[in-house]
Every structure is written in C-alpha cells, then in structure tokens.
Amino acid sequence: EVRACRACARLWVTDDALASIKASAKEREERRSRTSLHRPALEQGEPTPSAPRASARPEGEPAEASGGTPSHVVEHPFYAPGPARELAILTGMLALAWLFAWSHFGEAIAILARIQFHELGHALVAWSTGRSALPLPFGWTSWSYERSNVLVAMEWLFTVLLAIHGVREKKPLAIGVALGMAAVFALGLLTPLEQSERWLVAGGITGEALLPAIALLAFHVPRGPGSLPERARWDFFRWLLALFAVIALASVVQHDLAIADGTRPLPMGSFVSSQQGDGDLERLVHDHGWAQSELRPTFGLLGHAALALTLIHPIVFLVRWLREGRLSSRP
C-alpha cells in the first residue's frame, strides 16, 4: 500500500509494500545487468536507473514509489478542504449554532448534547482520582466512593504506553498528552477522597462548559499517515465531532453568560429531577460549603474560558496555512 500526502506530496508505504518495492527494484537491476552483457548499449526509449519509467496513473491516485514525488498535489476531498476553507466552514458552523441556540427548539436540541459533556465531566474527575465511574447519556453518572487499584493500574499503564509510543515515533502531541495525564493522575492520587468529592460534583458544570471547546480543538489533531489509525478516518469523523461540539458550545456559553448577568436563574435541580436538593448546585452549597453568591461568577468564568478556547482556532489555522504555504513553495 502506497499513499501520497495531499498537503506536502510526500510518500508513505507500509513495511510489506516497502519490502516488495525493494525486491522488485533488485530484480530489475539484475535483469538489466544480465541484458547489458549481450548488447553494447540500451535501446532508445528504455529507461535507465537514473531516469525511471513514467507510469500513467489516474488523477488523484498515489504516485509510485519508483517515480519519486508526484508532479502535482492531489486535490483535497470535501472533508479536507484546506486551512482557509476549514476556517470559513467552522466559523459558519459556530455562527449558525449560535443563532440556533437562541430558539426554544434549538435550546431543547442543544441540551441533549450538553448532557453528554456534563456527565463526562463528572466521570473524568472521578477517573482522575482513581474512582470507577459510569456516565450515562440520560443525565446520570454513578461513581464509587473508594479508589479502584485496578483502574489506577490501567490508567498508569495506558499513560506509560502512550509516552513510549510518542518517544519512539517522535510525536510531540502524544508526549504532551501523556505528561498531562501523568500530572493529573498524580494530583488526583495525592488529593484526599473527602476533599476531591466537591470537585467531582463541580465537574459536571465545568465539563459542560469546557469539554465542548476542548473537543472542538481536537479538530486540529494531525490526521496524516502514522498520526491515527487508518480506520479511524479522522479526516471525516472530526467534522461530526465538530458539529456535535459547536451545538453544545454555543448553547452553554449563552446559558452561562446569562446566568452570570442575572438574566437567567441558577439551574437548581438535576436533569432527571427538578426537585430541590437533587442537583449539583444544591450539593455544592449544602454539602460542601460553597456560597450561593459565588455560583453566578463561577458560571461567568466558565463561559469566558470556553470563549477563550474557541479563539485559539484562528491562530491554529493561521499557523497551518503558513506552514503549508512554505511546504508548497519548496522546489
């Protein structure tokens, strides 16, 4: 299997394909050396080792390894249109999601997406402290009150394997993620379970605001050969994640900023029950000593933090555009 990068036109081959190419090249060289003993010169039009035969191939197909880099850059498909168009499409998605979230129907649809990030926020804090947790899609997360040694061992094993893979393959992103996970897991293990309980409860509103913005940043994860498994098709599925994230992000930012301004009431109760005392905010106030006057500024801080993460996208697109422009200008 031989592939060509759509951006820089470099070639990528699997180990089996590389071995096959080397074997065929060696066989051709031996055949040329045998035939050169029986004739004084090469016939006109026959390729020499320094001038490989040009092979006709359909438009968009990868170039053959024996022919070097392709003479043109393959056009991007609809799900990888380039940095400039990606920025325009993503900006349009954010604008439409912002208008969509203003309607009652849009808010009802967005709450379904926000629930997933809310419950995942609870689960992530629980996992970071060594507790087992199960986030459910209908607005409920169950977690244990004791640490699980099996879960802690699995988390550290995955972190070490990710770091080893990043060092061997020279992937700075994998190394950075592994170091960040190690720091979070170490901090979670050093924090007493009683003290971490409040952060576990607060992880819902925090994850609801920040996780959509972080998921949207995953749009920029490298998708070239060797970055992710081929079956993951991150060049396509990143658009689905981006659509899911922008709907939740636009709704939660409007929701949190309105709570901070006092135009919306505090979301007391829970998704599965509207009774007082069942929600995260009631537990933070009554069980963990949070002052109710501190809740509105907290929502405002989370909303502005989500907006700040969203502003990273133009910077990343600019860096990618400049980098691809330098690569395409090389001889």
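Side chains included, hydrogens not; waters and symmetry mates left out as well; all remaining heavy atoms used. Treat the numbers as computed from the prediction; the structure is a model and nothing was measured.
- In summary, the side chains of Ser144 and Ser132 do present a donor paired with an acceptor at a separation below 3.5 Å, with no hydrogens or angles considered.
- Atom OG1 of Thr129 is separated from atom CG of Leu124 by 11.0 Å, given to the nearest 0.5 angstrom.
- Closest non-hydrogen pair, Ala178 versus Leu162, comes out as N-CD2, 4.0 Å.
- Criterion: ILVMFWY side-chain heavy atoms under 4.5 Å apart, direct or through other members. Under it, Leu151 and Leu120 are part of a common hydrophobic cluster.
- What you find for Ala306 and Ala209 is that their closest heavy atoms are CB-O, 3.5 Å.
- Counting only distance, with no hydrogens or angles, the side chain of Arg296 and the backbone of Ile259 share a donor-acceptor pair below 3.5 Å.
- Distance check: Glu119 CD to Leu211 CG gives 11.5 Å after rounding to the nearest 0.5 Å.
- Hydrophobic cluster membership is shared by Leu243 and Trp98, with clusters built from Ile, Leu, Val, Met, Phe, Trp and Tyr side chains linked at under 4.5 angstrom.
- Side-chain atoms of His165 never come within 3.5 Å of backbone atoms of Leu161 as a donor-acceptor pair (strictly under, hydrogens ignored).
- Between the side chain of Ser251 and the backbone N or O of Ile247 there is no donor-acceptor pair closer than 3.5 Å.
- In this structure, Leu281 and Pro267 have side chains that are in contact, with non-hydrogen atoms separated by less than 4.5 Å.
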Derivation and outcome, side-chain contact (heavy atoms from CB on, under 4.5 Å), residues Arg147 and Leu193: CA-CA 8 Å; Arg147 287 193 174 98; Leu193 290 178; 3.7 Å; yes
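- Of all heavy-atom pairs spanning Ala133 and Ala126, the tightest one is CB-CB, 3.6 Å.
- Note on ring orientation: taking the six-membered ring where Trp is involved, the planes of Phe244 and Phe117 are tilted (angle from 30° to 60°).
- Ring-plane geometry between His313 and His220 is classed as tilted, the angle between the planes lying from 30 to 60 degrees on a 0 to 90 degree scale.
- Residue Trp290 comes nearest to Ala202 through the heavy atom pair CH2-CB, 4.2 Å, listed as atom of the first residue, atom of the second, then distance.
- Note that CH2 of Trp140 and NE2 of His118 are 11.0 Å apart. Values are rounded to the nearest 0.5 Å.
- The structure places CG of Leu87 at 13.0 Å from CZ of Arg85, a figure rounded to the nearest 0.5 Å.
- Scanning all heavy atoms of the two residues, the minimum distance from Val246 to Ala97 falls at O-CB, 3.6 Å.
- In this structure, the side chains of Phe158 and Met181 come closer than 4.5 Å at one or more pairs of heavy atoms.
- In the displayed structure, Trp199 atom CH2 is contacted under 6.0 Å by at most 12 heavy atoms of other residues, nucleotides or ligands.
- Using a 4.5 Å cut-off on side-chain heavy atoms (C-beta onward), Glu197 and Trp143 make contact.
- In the hydrophobic cluster analysis, where Ile, Leu, Val, Met, Phe, Trp and Tyr join through side-chain heavy atoms closer than 4.5 angstrom, Phe219 is grouped together with Leu307.
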side-chain contact (heavy atoms from CB on, under 4.5 Å) assessment of Leu295 paired with Val285: CA-CA 9 Å; Leu295 295 178; Val285 172; 3.9 Å; yes
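- A side-chain donor-acceptor contact under 3.5 Å links Ser128 to the backbone of Val125.
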Gln292 and Leu266: CA distance, side-chain angles, deciding distance, side-chain contact (heavy atoms from CB on, under 4.5 Å) verdict: CA-CA 9 Å; Gln292 192 167 353; Leu266 288 170; 3.9 Å; yes
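- The ring of Phe185 has its center no closer than 6.0 angstrom to the ring center of Trp127.
- Taking both residues in full, the closest heavy atoms of Ile111 and Ala108 are given as CG2-O, 2.9 Å, listed atom of the first, atom of the second, then distance.
- Between Leu94 atom CG and Leu249 atom CG the span is 6.5 Å, to the nearest 0.5 Å.
- Annotation: side chain of Leu216 is in contact with side chain of Leu90 (closest heavy-atom distance under 4.5 Å).
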Pair Thr91-Phe317, side-chain contact (heavy atoms from CB on, under 4.5 Å): steps then yes or no: CA-CA 11 Å; Thr91 304; Phe317 279 118; over 6 Å; no
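- Remark: the backbone N or O of Pro192 is not paired with any side-chain donor or acceptor of Gln195 at under 3.5 angstrom.
- To the nearest 0.5 Å, the span separating CD on Gln254 from CD on Glu107 amounts to 8.5 Å.
- Tracing side-chain contacts under 4.5 Å through hydrophobic residues (I, L, V, M, F, W, Y), one never reaches Val160 starting from Val177; they form parts of separate clusters.
- Cluster membership check: Ile109 does not share its hydrophobic cluster with Ile115, using side-chain heavy-atom separations under 4.5 Å among Ile, Leu, Val, Met, Phe, Trp and Tyr.
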